[in-house]
Amino acid sequence: MVQKKETGARGKRRPRRRRSKIVLPTGPLKLDRFQEEAIAALLEGYTVLVAAPTGTGKTLIAEKLLEHILAAGKGAVYTSPIKALSNQKFRDFGQLFGPERVGLITGDLSINERAPLLVMTTEIFRNWCFANPEELEHTSHVIFDEMHYLDDPERGTAWEESIIFAPPHMKILGLSATVPNIQEISSWMAEVRGEVVKVIEERCRAVPLEISWIAPGGDVLDEEEAREEIAERQEIRRWRRHRWNEMTAAGWEELDY
């Protein structure tokens, strides 16, 4: 019988690196069609939902809106589903608009809470709508990042209640990855808010997805390598089971005399 090598004795595969051609921009930044449409609708005073794949530039829409709001001397709230993302946006907006104009409010941290632009988790904003609505009198917009959390079975109610109970004078910008029922969501928002909701969709993925598999040893594999890895591990498992059966049978024979 040919004995199989253990997987640990096999040399590790190195991740394949694909060389990509880097194209540098030759002129000023040109907005995509969906970005231009979303920004135009926001500046016209509409509540807007933007559904686009990750990496297509949804945050740029929010930045352009915030630039306009701050220039007009008004306030805005930017919500995110997790504290880590809130902290990141707080740093990013501080560098973009100036640290004195940006505040951060989470469950355990409060920084510059009188700033015109406040970054907070969605649950905190929902609580403000109930307990501190007067703090939002000069806030013209609320931006919901990762708005597809509306469908989350455990936390989705925070988004629902935030949309329902946000002060009537506030407009909403919802940013989300592509969702199949965006029109249904917009119809519900239009009904509970009593206003027109514009939907901007983008289907083209600017950053293509590449699927890889990680083996138990940490190797990064493509599909062909992953299939080879699975077949080899299955073969080793069959061989071990066969040897175990042989040893068990031999043991019973020795005891049966």
Yes or no on side chain to side chain contact (heavy atoms under 4.5 Å, CB included) for Lys89 and Thr59, after CA distance, side-chain angles and deciding distance? CA-CA 10 Å; Lys89 292 301 181 182; Thr59 302; 3.3 Å; yes
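- Contact check for Glu161 versus Phe130: side-chain heavy atoms found under the 4.5 Å cut-off.
- Residues Ile61 and Leu42 share a closest heavy-atom pair of CG2-CD1, 3.8 Å.
- You'll find the side chain of Leu104 reaches within 4.5 Å of the side chain of Asn87, heavy atoms only.
- Side-chain contact between Lys64 and Ile39: present, with at least one pair of heavy atoms (C-beta onward) separated by less than 4.5 Å.
- Remark: side-chain polar atoms of Asp145 are not paired, donor with acceptor, to backbone N or O of Thr79 under 3.5 angstrom.
- Without hydrogens or angle criteria, Asp219 side chain to Ala215 main chain gives no donor-acceptor distance under 3.5 Å.
- One distance of note links CZ of Arg126 with CD1 of Ile163; it measures 12.5 Å at 0.5 Å rounding.
- With respect to the salt-bridge test (charged N to carboxylate O, under 4.0 angstrom), the residues Arg155 and Glu160 do not qualify.
- Ser110 and Glu113 share a donor-acceptor pair across their side chains, judged by distance under 3.5 Å alone.
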Check the pair Lys83, Asp108 against salt bridge (Lys or Arg N to Asp or Glu O under 4.0 Å), reporting the backbone distance first and the verdict last. CA-CA 10 Å; Lys83 293 180 182 179; Asp108 52 7; 3.4 Å; yes
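- A heavy-atom distance below 4.5 Å is not found between the side chains of Met120 and Tyr78.
- Using the six-membered ring where Trp is involved, Trp159 and Tyr149 have ring planes that are parallel, under 30° apart on the 30 and 60° scheme.
- Residues Glu228 and Arg233 are not in side-chain contact: their nearest non-hydrogen atoms beyond the backbone lie 4.5 Å or more apart.
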What's the verdict on salt bridge (Lys or Arg N to Asp or Glu O under 4.0 Å) for Glu195 and Lys171, showing C-alpha distance, side-chain angles and the deciding distance? CA-CA 10 Å; Glu195 60 181 338; Lys171 299 300 180 181; 2.7 Å; yes
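- Leu60 and Phe93 fall within a single hydrophobic cluster, where Ile, Leu, Val, Met, Phe, Trp and Tyr side chains are chained together by heavy-atom contacts under 4.5 Å.
- Ionic pairing of Glu235 and Arg238 is present here: one or more N-O contacts between side-chain nitrogen and carboxylate oxygen are shorter than 4.0 angstrom.
- Of all heavy-atom pairs between Gln35 and Thr56, the closest is NE2-O, 3.6 Å.
- Both Met147 and Ile164 are part of a single hydrophobic cluster, where members link through side-chain heavy atoms under 4.5 Å apart.
- A distance of 4.5 Å separates CE of Met189 from CG of Leu49, quoted to the nearest 0.5 Å.
- The pair Glu202-Lys58 fails the salt-bridge criterion, with no side-chain N (NZ, NE, NH1 or NH2) lying under 4.0 Å from an Asp/Glu carboxylate O.
- Counted within 6.0 Å of CD1 on Ile214, heavy atoms from surrounding residues, nucleotides or ligands total 12 or fewer; the atom is thus considered open.
- Both Leu96 and Phe90 sit in one connected hydrophobic cluster of ILVMFWY residues. Membership requires side-chain heavy atoms under 4.5 Å apart, directly or through other members.
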Decide side chain to side chain contact (heavy atoms under 4.5 Å, CB included) for Phe125 and Val142; before the verdict, give the C-alpha distance in whole Å, the side-chain angles of both, and the deciding distance to 0.1 Å. CA-CA 9 Å; Phe125 176 74; Val142 56; 3.8 Å; yes
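- The line from CG of Leu173 to OH of Tyr46 is 15.5 Å long, rounded to the nearest 0.5 Å.
- Counting heavy atoms from C-beta on, the side chains of Glu146 and Thr122 never come closer than 4.5 Å.
- Between Ile143 and Val77, every side-chain heavy-atom pair lies at or beyond the 4.5 Å cut-off.
- Connection of Leu43 to Val50 is established within a shared hydrophobic cluster, with ILVMFWY side chains joined at heavy-atom distances below 4.5 Å, either directly or through further cluster members.
- We find the CD1-CD1 distance between Ile185 and Ile182 to be 5.0 Å, quoted to the nearest 0.5 Å.
- Contact between Ile69 and Ala76 at its shortest, heavy atoms only, is CD1-CB, 3.9 Å.
- Rounded to the nearest 0.5 angstrom, Met170 CE and Phe165 CZ are separated by 15.0 Å.
- Around CZ of Arg237, the count of heavy atoms belonging to other residues, nucleotides or ligands within 6.0 Å does not exceed 12.
- If you take SG on Cys129 and CD1 on Ile124, they are separated by 11.5 Å, rounding to the nearest 0.5 Å.
- Checked by atom type and distance alone, the side chain of Ser176 never pairs as donor or acceptor with a backbone atom of Ala51 at under 3.5 Å.
- Among all heavy-atom pairs drawn from Ala41 and Val48, the shortest one is CB-CG2, 3.7 Å.
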For Glu67 and Phe97, run side chain to side chain contact (heavy atoms under 4.5 Å, CB included): C-alpha distance rounded to whole Å, both residues' side-chain angles, the deciding distance at 0.1 Å, then the answer. CA-CA 8 Å; Glu67 182 180 330; Phe97 303 116; 4.1 Å; yes
Does the pair His148 and Asp151 meet the rule for a side chain to side chain contact (heavy atoms under 4.5 Å, CB included), with working shown? CA-CA 6 Å; His148 47 269; Asp151 193 41; 5.9 Å; no
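- A heavy-atom distance below 4.5 Å is not found between the side chains of His141 and Ile172.
- Judged by distance alone, the side chain of Asp222 and the main-chain N or O of Glu225 form a donor-acceptor pair under 3.5 Å.
- At a threshold of 4.5 Å between side-chain heavy atoms, the hydrophobic network of Ile, Leu, Val, Met, Phe, Trp and Tyr places Ile230 and Trp213 in two separate groups.
- Within a 6.0 Å radius of CD in Glu100, more than 12 heavy atoms belonging to other residues, nucleotides or ligands are found.
- Summarising the local packing, CD of Glu184 is surrounded by 12 or fewer heavy atoms from other residues, nucleotides or ligands at distances under 6.0 Å.
- Here the closest heavy-atom approach between residue Asn112 and residue Pro99 is recorded as ND2-O, 3.5 Å.
- Of the possible donor and acceptor atoms, none in the side chain of Asp32 sits under 3.5 Å from a partner among the backbone N and O of Phe34.
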Could you give me the CA-CA distance, side-chain angles and deciding distance for Ser80 and Ser86, then say whether side chain to side chain donor-acceptor pair (under 3.5 Å) is met? CA-CA 6 Å; Ser80 73; Ser86 296; 2.5 Å; yes
